[in-house]
Amino acid sequence: MSEERSLNFIEQIVEEDIANGVNDGRVLTRFPPEPNGYLHIGHAKSIVVNFGIAQQYNGKTNLRFDDTNPVTEDTEYVESIKADIKWLGFTWDKELYASDYFEQLYAFAVKMIEKGLAYVEDATAEEIAAAKGTPTTPGTPTPARSRSVAENLDLFQRMRNGEFKDGEKTLRAKIDLASPNMHMRDPLMYRIKHAHHHRTGDKWCIYPMYDFAHGQSDSIEQITHSLCTLEFIPHRPLYEWFINELEIFPSHQYEFARFNMSYTVMSKRKLKQLVEEKIVAGWDDPRMPTLSGLRRRGYTPSSIRNLCERVGLQKREYMIDFSLLEFCIREELNKSANRVMAVLDPVKLVITNYPADKVEILTAENNPEDESAGSRQLYFSNTLYIEREDFMENPPKKFFRLGPGLVVRLKNAYVIQGESVEKDADGNITTIYATYLPGTKSGEENSNMTVKGTIHWVSAEHAASAEVRLYDRLFTSENPGSEEGDFKTFINPDSLQVIRNAMVEPALLQASPGDRFQFMRKGYFTVDADSTPEKVVFNRTVTLKDAWAKEKAKS
RNA sequence: UGCCUGAUAGUAUAACGGUAGUACGACAGACUCUGACUCUGUUUGUCUUGGUUCGAAUCCAGGUCAGGCAACCA
């Protein structure tokens, strides 16, 4: 067979661990989203990594919601996250919540206090920050740092009891105020929030911080390889310090570079802003990089998985070209999507030498890339709609379409020759007149005559009207998140164009939401959930590559 | 200024001391009843300076550049 794909650095670590009998060769990963927003394509990368590694090495993956901050989290997000993971094609072993461990985490905190490694702080956020020093100057202890174990135990119990207001007290680890790693300068373990939690309700008014919940949850679940993104590297010493001092199962953290893509933003905060300020229609707006948005746009789960795998896994930061995502979906849809004809910007074409009352039924193959896709029937008559841009009155040399005297093939039908046009008062073409060449119908004796161009069409009398939504990139800047100022100033004003009266093959009236088609010469489209029996709505997933557009752009 | 990461064509990735290869993009051409698909070809790269070695993208040292870290966010 072909040579093996080389192992990425995580696979190397896992294989080494298995070879050395670490955890008896057991592999258990976890995907730990915070339920405070919808999953995006960056999360897909993390899902593919975490679930993929486990699958590869006979392991399992837990889905664990990192729900330690009640004010931002909600069950709406829990449900969407679960749906998106399933859609991507992955199955988790256990569905878990960090909030399931609150009692255990509380006991861990008590243990830290008893060991003299945690204390209740009285200082405000500002005072704590000031006393932390700077990266180059050590911090200074607050008076609370020298409290007795007994007093800390009592105070922490009273924090839990609700005797203090938000922010009045915190629990801090007692580590090293002079550490060059700021995360080791007595980090917060617990804070007071009198807030309703989406799962524990009003049971708790103190909640653990990420650093005193994540690693401990990993350990409780006996996660073997805790895979996260680069920004958690400075947290690793703390992750290990807590596990070590708590003397609990030694999970290990490994970090990989997060997924970035050009012409979009990936931060949940920014995506949320787009939704809340109604710049997009919702989390599943087809322009959003969310999984629900990509789904509605027509992207397949396999195209997204494929993209994640192509990108690989490494520690250096990167920015993926939008064009790679487009390549992945085109590659798949080219093989699987049935071809149909849809005229997005219709202009009437009358064939003057074809009988006005005649209707022919022609046969068209559904997918030249897949014989098993079969064929369908098309109505042909003397009055058609063709694409306005497929006709030019004064065409340049390389224009292989219709014009006065120019010959072109109507896909699956006859060869025609352009004759004349009719215009309205403003000079816009209202009707194009042409003649057809008898015997040139697809399959007939003269059908092999060579013609430079082929255009798509629909029979005017038989066509159905449809709404088509053309999407383009949401931002005009390659990296809007890193630009100076408000990222919203780089919104692409033309990211959505709605066509209310496209003319399509009548059979498309029967299509269901989620169905995918190639509109010949135009792109790949999917049926939107907004469709009704009277009006089908199509979203453009991606255009076809367009050599003519490039040719035009040159001049 | 402290600590931590990292650096291979435009983008992304491979080569694990022995010919710098692949994909996407771009460009040129062939084919075409989709200016699609497919096929062929072209272009462009090891951050830098030293060192080790018969031999360095790879090992070592210095430098440069980029990113991260001083939330009661995760």
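All values below were derived from every heavy atom in this structure, side-chain atoms included, with hydrogens, water molecules and symmetry-related copies excluded. The chains referred to below are lettered A, B, ... by the order of the sequence lines, with proteins before strands, and numbering in each begins at 1.
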task: Could you measure between the two P atoms, the one in G6(B) and the one in A74(B), and give it in whole Å?
output: 27 Å
- line: Regarding the side chain of Leu324(A), the nearest nucleotide among A36(B), C24(B), A12(B) is C24(B)
message: Can you classify the ring geometry of Phe519(A) versus Phe525(A) as parallel (below 30°), tilted (30 to 60°) or perpendicular (above 60°)?
response: parallel
Lys/Arg N to Asp/Glu carboxylate O, Arg540(A) vs Asp472(A), below 4.0 Å: no
message: I'd like the P distance from U43(B) over to A20(B), given in whole Å.
response: 16 Å
query: How many Å lie between CD on Glu387(A) and C1' on G35(B), as a whole number?
result: 14 Å
Stacked pair Trp548(A)-G35(B), distance under 5.5 Å, angle under 30°: yes
- prompt: Parallel, tilted or perpendicular: which describes the rings of Phe65(A) and Tyr97(A), with under 30° parallel and over 60° perpendicular?
  reply: parallel
task: Please check the phosphate of G25(B) (OP1 and OP2 only) for any side-chain N or O of Lys550(A) closer than 4.0 Å.
output: no
message: Quick check on ring pair (Phe, Tyr, Trp, His ring centres under 6.0 Å): which of Phe102(A), Phe212(A), Tyr101(A) does Tyr207(A) satisfy it with?
response: Phe102(A)
query: Going by heavy atoms closer than 4.0 Å, what residues in residues 176-187 of chain A are next to RNA chain B?
result: Pro180(A), Met182(A), His183(A)
message: What is the distance, to the nearest angstrom, from the CZ atom on Arg258(A) to the P atom on U5(B)?
response: 19 Å
- request: Please evaluate the base of G35(B) for a donor-acceptor partner in the side chain of Arg401(A) within a cut-off of under 3.5 Å?
  value: yes
message: Using the P atom as the point on both nucleotides, what is the distance between A7(B) and A15(B), in whole Å?
response: 13 Å
field: Under 4.0 angstrom between Arg191(A) side-chain N/O and C73(B) OP1 or OP2
entry: yes
- prompt: Using the P atom in both, what is the distance from C47(B) to U11(B), to the nearest Å?
  reply: 13 Å
field: Atom-pair distance (CG on Asn367(A); P on U34(B)), nearest Å
entry: 13 Å
- prompt: Has Ser6(A) got a side-chain N or O lying under 4.0 Å from the OP1 or OP2 atom of A15(B)?
  reply: yes
statement: Whole-Å distance, Asn69(A) CG to A74(B) C1', equals 8 Å
